[in-house]
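Structure first, then comments.
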2 protein chains.
Amino acid sequence: MNPLFHELFQKSRYLTNEINLTLKKHNLYASQWTVLYCIQKHGEMSLTQIWKYLNVEAPTITRTVYRLVELGWVDIRPGKDRREKIVHLSEKASQDFQTIKDSIFEFENRMVAGLTKEEEAIFIELLRKIK
Amino acid sequence: MNPLFHELFQKSRYLTNEINLTLKKHNLYASQWTVLYCIQKHGEMSLTQIWKYLNVEAPTITRTVYRLVELGWVDIRPGKDRREKIVHLSEKASQDFQTIKDSIFEFENRMVAGLTKEEEAIFIELLRKIK
DNA sequence: AAAATATATTTAGCTAAGTAAATATATTTC
DNA sequence: GAAATATATTTACTTAGCTAAATATATTTT
């Protein structure tokens, strides 16, 4: 395999594992946090809005959101369109949000500490050229 | 989330999906191909050699290799150390290998067509700085 | 040689992605 | 307004990674 792809996949796996480790103290997994973050940013969202925004398939979001409901991080209410379900952060999630966001922020900064701001920009640019 | 991480995860997912699409005509999945490629390259390998080389956990390789046995891509024989299992390509896999390798090669080149060789090198270098 | 430790693999169970097809409700077309 | 089509969500099942703990065989220590 082209080393570029090999390295990219390895790093992606490494980073999700490290994020999971960081989130462990908050009893969250990476994908769960991604959904929480996305909902917090947009106020409240339907399932469809979430999966379209995150660019994953619908069943993935159904599953993750229902797990988040079970764990008490989000609540679901019906929308005006009776097909759709609107997801919003629970009281608990709203309270804990900033603390969790801070640990993730700290983690992310640690991971890119070896890159200058310019290199970060170049990296993203190159990443976008792979398609 | 830092856009760098967001883009990296998205691209990683996009690429595995595209590789799966490319491999579909050969009735293979990305991770199965990765294992086949690795075995072909090294002649034959024990399970431990495979997972250490690919940098994943042992149970992941156990599962993938046994699926490959079921599908007729690899065979397993005992090693001299009676704990270990040696995996090698089947007749079928050896025959089809070059064709599959060619489609993957074609796919990879298409994906990096937007980058110069120099940019590829820079990309890998930056990727390695994230840690 | 027996006990302790190490290594190779497996089992069980979790998150996380995917596809294909089913179900329920809305919207559009005839 | 009924039929056809579209949209939102769910269900069932697959690959693909992970951790923790079990099992079997080797190696080292005592």
Side-chain angles (χ1 to χ4, degrees), chain A residues 8-24 26-36 38 45-71 73-74 76-87, chain B residues 8-24 26-36 38 45-71 73-74 76-87:
Chain A
L8 195 152
F9 291 136
Q10 295 262 344
K11 199 61 74 175
S12 172
R13 258 190 307 113
Y14 169 74
L15 288 169
T16 26
N17 290 345
E18 289 295 315
I19 291 176
N20 279 331
L21 216 62
T22 301
L23 286 172
K24 198 161 194 173
H26 304 292
N27 286 305
L28 274 173
Y29 283 95
S31 66
Q32 295 169 345
W33 168 249
T34 305
V35 170
L36 289 186
C38 162
M45 292 174 97
S46 73
L47 292 175
T48 299
Q49 283 176 315
I50 298 172
W51 67 258
K52 287 199 170 154
Y53 180 76
L54 295 178
N55 204 29
V56 296
E57 297 303 317
T60 303
I61 291 306
T62 297
R63 197 189 325 102
T64 302
V65 164
Y66 278 89
R67 191 81 184 91
L68 287 171
V69 171
E70 271 174 34
L71 298 168
W73 292 102
V74 302
I76 291 179
R77 64 167 185 76
K80 46 188 172 303
D81 181 329
R82 283 166 59 201
R83 289 169 304 182
E84 76 181 358
K85 298 188 174 174
I86 311 288
V87 189
Chain B
L8 195 152
F9 291 135
Q10 295 261 344
K11 198 62 73 176
S12 172
R13 254 187 314 111
Y14 168 74
L15 288 170
T16 25
N17 291 345
E18 289 295 315
I19 292 175
N20 279 330
L21 216 61
T22 301
L23 287 171
K24 198 161 195 177
H26 304 291
N27 287 306
L28 274 172
Y29 283 94
S31 66
Q32 296 170 344
W33 168 248
T34 306
V35 170
L36 288 187
C38 162
M45 294 173 96
S46 72
L47 292 174
T48 299
Q49 285 176 314
I50 298 172
W51 64 260
K52 287 200 170 153
Y53 180 77
L54 294 178
N55 203 31
V56 296
E57 298 303 318
T60 303
I61 292 306
T62 298
R63 197 188 326 101
T64 302
V65 165
Y66 278 89
R67 191 78 183 95
L68 286 171
V69 171
E70 272 173 34
L71 297 169
W73 293 102
V74 302
I76 291 179
R77 63 166 186 76
K80 47 190 172 302
D81 181 330
R82 281 167 58 204
R83 291 169 301 182
E84 74 181 358
K85 299 189 174 173
I86 313 287
V87 189

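Owing to the predicted nature of the structure, the values given are computational and were not obtained by experimental measurement. A, B, ... follow the sequence lines: proteins, then strands. Residue 1 opens every chain.
- When distances are taken from the side chain of B/V56 to each of D/dG17, D/dT10, C/dT9, the shortest belongs to D/dG17.
- Here D/dA16 presents its P atom at 18 Å from OH of B/Y66, a figure rounded to the nearest Å.
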### Summary
The contact string for nucleotides 19-29 of chain C, one letter per nucleotide 5' to 3', using protein heavy atoms under 4.0 Å with B, S and - for base, sugar-phosphate only and none, comes out as BB---BBS---
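- The side-chain hydrogen bond (donor to acceptor under 3.5 Å, both in side chains) check on A/Y14 picks up nothing, with sequence neighbours excluded.
- Every residue two or more places apart in sequence or in another chain that forms a side-chain hydrogen bond (donor to acceptor under 3.5 Å, both in side chains) with B/K85 is listed here: B/Y66.
- What separates CD of A/Q49 from C1' of D/dT9 is a distance of 14 Å, to the nearest Å.
- Listed here is the closest heavy atom pair of B/N55 and A/R13: O-NH1, 2.8 Å.
- D/dT15 atom C1' lies 13 Å from atom CD1 of B/I61, rounded to whole Å.
- For A/W51, there are no ring pair (Phe, Tyr, Trp, His ring centres under 6.0 Å) partners at least two apart in sequence or on another chain.
- Between the C1' atom of C/dA16 and the CG atom of A/L28 lies a distance of 15 Å, rounded to the nearest Å.
- Note on residues 58-69 of chain A: pairs passing salt bridge (Lys or Arg N to Asp or Glu O under 4.0 Å), not counting sequence neighbours, are A/R67-A/E70.
- Nucleotides of DNA chain D nearest to B/R67 and A/K85 differ in position, and the one nearer the 5' end is that of A/K85.
- For the salt bridge (Lys or Arg N to Asp or Glu O under 4.0 Å) test, no residue two or more places apart in sequence or in another chain qualifies with A/R82.
- Summary for the helix from C/dA1-D/dT30 to C/dC30-D/dG1: the axes at its two ends, each from 5 pairs, differ by 0° when rounded to the nearest 10 degrees.
- For A/S31, no side-chain nitrogen or oxygen approaches OP1 or OP2 of C/dT15 to under 4.0 Å.
- The side-chain hydrogen bond (donor to acceptor under 3.5 Å, both in side chains) search around B/N27 returns none, not counting sequence neighbours.
- Rounded to whole angstrom, the span from the CZ atom of A/F9 across to the P atom of D/dT15 amounts to 18 Å.
- Among residues two or more places apart in sequence or in another chain, the side-chain hydrogen bond (donor to acceptor under 3.5 Å, both in side chains) test is passed with A/N17 by none.
- At C/dT15, none of the side-chain N or O atoms of A/T64 fall inside 4.0 Å of OP1 or OP2 (strictly under the cut-off).
- Neither OP1 nor OP2 of D/dG17 sits under 4.0 Å from any side-chain N or O of A/T16.
- As rounded to whole Å, 15 Å separates atom C1' of C/dG18 from atom CG of B/L23.
- Remark: the B/R63 side chain and the D/dG17 base include a donor-acceptor N/O pair separated by less than 3.5 Å.
- The distance from atom CD of A/E18 to atom P of D/dC18 is 12 Å, rounded to the nearest whole Å.
- The structure places SG of A/C38 at 5.5 Å from CD1 of A/I50, a figure rounded to the nearest 0.5 Å.
- Rounded to whole Å, atom P of D/dG17 lies 10 Å from atom CD of B/Q32.
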